[in-house]
Structure formats: C-alpha cells, structure tokens
Amino acid sequence: MQKTIITIFSTFAILSMASCFPKASHVIRSLPVESREQILAQYNQDQLAEGKAIFSSSCDNCHKLKQPETRTAEKWNSIIKRMIPKAKLSDEEGKLVRAYVIANSKTI
Ligand code: HEC
C-alpha cells in the first residue's frame, strides 16, 4: 500500500517537473530546416508582418529582442524551436514568428 502511494506521488512529482521545461509541439518540432528562399516561397508579406508583430510582443519577456539580422537562417532554424515553447506560442503563431526571423536572417 505504501509502495503504491510512493509510486503515485513520484509519478506526479515527475510530471509536474516536466511541465517546467515546455517542449515544442510535434508540429513545431517536425518543421524542416529551411532557407530564406524556401520561407519566402511559402509565406506572403501579410504573414511575415504578422510574424513580426508576434515576435515584437512575445520575444522580449525574458531577454531583449534578438533581432533576426543577428543570426543566420541556419542558426535560427535550431534556436527558434527552443524559443517558441518558452514564449508559449500556438503552432500557428510559432510558424509565423519562425518565418519572420528566417526571412530576415543574416546573409553571409
Ligand atoms: C521564458 C523566457 C523566454 C522567452 C519568452 C523567449 N526566450 Fe529566448 N532565451 C531565453 C533564455 C533563458 C535564453 C538563453 C539560454 C538558451 O539559449 O536557451 C534565450 C536565448 C535566446 C537566443 C540566443 C540563443 C543562442 O544560442 O544564440 C535567441 C536568439 C532567442 N532567445 C530568441 C528568442 C525569440 C525569437 C523568442 C520569441 C519566440 C524568445 N527568445 C523568447 C528565454 C526566453
């Protein structure tokens, strides 16, 4: 009996700890690595403007805004998947922010 209680308690503790480290949704995690050109072919200016608005309002809660031009598309592809869950964005919002930063990323 006591073992059952301990098991239930530890399962609960582990689950509640896991929620402190939010993971990107399956949709966000499975987005392919894409170049500026690939993004520009899929998103129109309105969507990129929307992405910029979400970026400006959601990405400066923990640190100053890290402008898209400061990183290459390659870098953004990996960083943005970590930051979307931190900013608690929906899949749609996350995709738009991702498109905006990659579309405006640093060109070498
Ligand atoms: C809940 C807090 C939080 C939010 C919201 C957040 N970030 Fe971050 N960000 C961090 C922390 C902590 C780090 C440093 C540790 C790391 O790199 O994971 C960081 C690091 C970064 C870096 C530097 C990473 C590197 O390796 O160079 C970039 C770029 C960045 N964030 C972009 C963003 C963008 C874009 C958004 C909006 C989608 C965002 N962040 C939202 C907490 C946050």
Side-chain angles (χ1 to χ4, degrees):
M1 182 61 193
Q2 207 177 357
K3 214 172 176 183
T4 318
I5 292 171
I6 292 171
T7 312
I8 293 171
F9 182 77
S10 15
T11 309
F12 181 75
I14 290 167
L15 286 178
S16 51
M17 265 160 65
S19 65
C20 296
F21 302 95
K23 277 232 158 58
S25 75
H26 179 69
V27 174
I28 297 298
R29 268 183 294 152
S30 59
L31 288 168
V33 172
E34 289 181 306
S35 66
R36 280 166 66 94
E37 290 68 28
Q38 284 169 313
I39 290 291
L40 290 170
Q42 296 169 63
Y43 294 86
N44 62 35
Q45 288 306 315
D46 287 349
Q47 290 171 306
L48 295 177
E50 207 181 317
K52 180 179 184 174
I54 301 166
F55 169 84
S56 311
S57 61
S58 320
C59 299
D60 65 349
N61 296 342
C62 308
H63 45 64
K64 282 200 229 145
L65 274 184
K66 315 256 186 200
Q67 292 302 332
E69 311 77 57
T70 59
R71 282 157 175 89
T72 60
E74 195 190 0
K75 280 261 178 211
W76 275 120
N77 267 286
S78 63
I79 296 171
I80 202 70
K81 289 186 185 178
R82 282 197 281 125
M83 294 301 147
I84 288 168
K86 281 192 199 292
K88 299 192 167 56
L89 301 178
S90 68
D91 290 346
E92 273 321 301
E93 294 168 328
K95 282 196 216 170
L96 294 174
V97 171
R98 169 178 169 276
Y100 166 69
V101 294
I102 297 176
N104 295 283
S105 57
K106 174 156 82 180
T107 44
I108 323 156

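The analysis underlying the following values was restricted to heavy atoms, covering all of them including side chains, and did not include hydrogens, waters or symmetry mates. Remember, it's 1-based here, ligands and their atoms both numbered in the order they're listed. The structure displayed is predicted, hence computed values, not measured ones.
Nearest heavy-atom pair across P85 and A24 is CG-N, 3.6 Å. The heavy-atom pair separating K95 from L31 by the smallest distance is CG-CD1, 4.2 Å.
Taking CD of E34 as the start and CD of Q42 as the end, the distance is 4.5 Å to the nearest 0.5 Å.
With R36 contributing its side chain and S105 its backbone, the two residues share a donor-acceptor pair below 3.5 Å.
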Ligand 1: which protein N/O atoms lie under 3.5 Å from its N/O atoms?
| residue | atom | partner | partner atom | Å |
| --- | --- | --- | --- | --- |
| ligand 1 | 7 (N) | H63 | NE2 | 2.8 |
| ligand 1 | 9 (N) | H63 | NE2 | 2.8 |
| ligand 1 | 17 (O) | R82 | NH1 | 2.9 |
| ligand 1 | 18 (O) | R82 | NH1 | 2.4 |
| ligand 1 | 27 (O) | R71 | NE | 3.3 |
| ligand 1 | 27 (O) | R71 | NH2 | 3.1 |
| ligand 1 | 31 (N) | H63 | NE2 | 2.8 |
| ligand 1 | 40 (N) | H63 | NE2 | 2.8 |

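In this structure K52 satisfies the salt bridge (charged side-chain N to carboxylate O under 4.0 Å, His left out) test with no other residue, sequence neighbours excluded.
Cluster annotation: V101 is connected to L65 through the hydrophobic network of ILVMFWY side chains, with a link wherever side-chain heavy atoms come within less than 4.5 Å.
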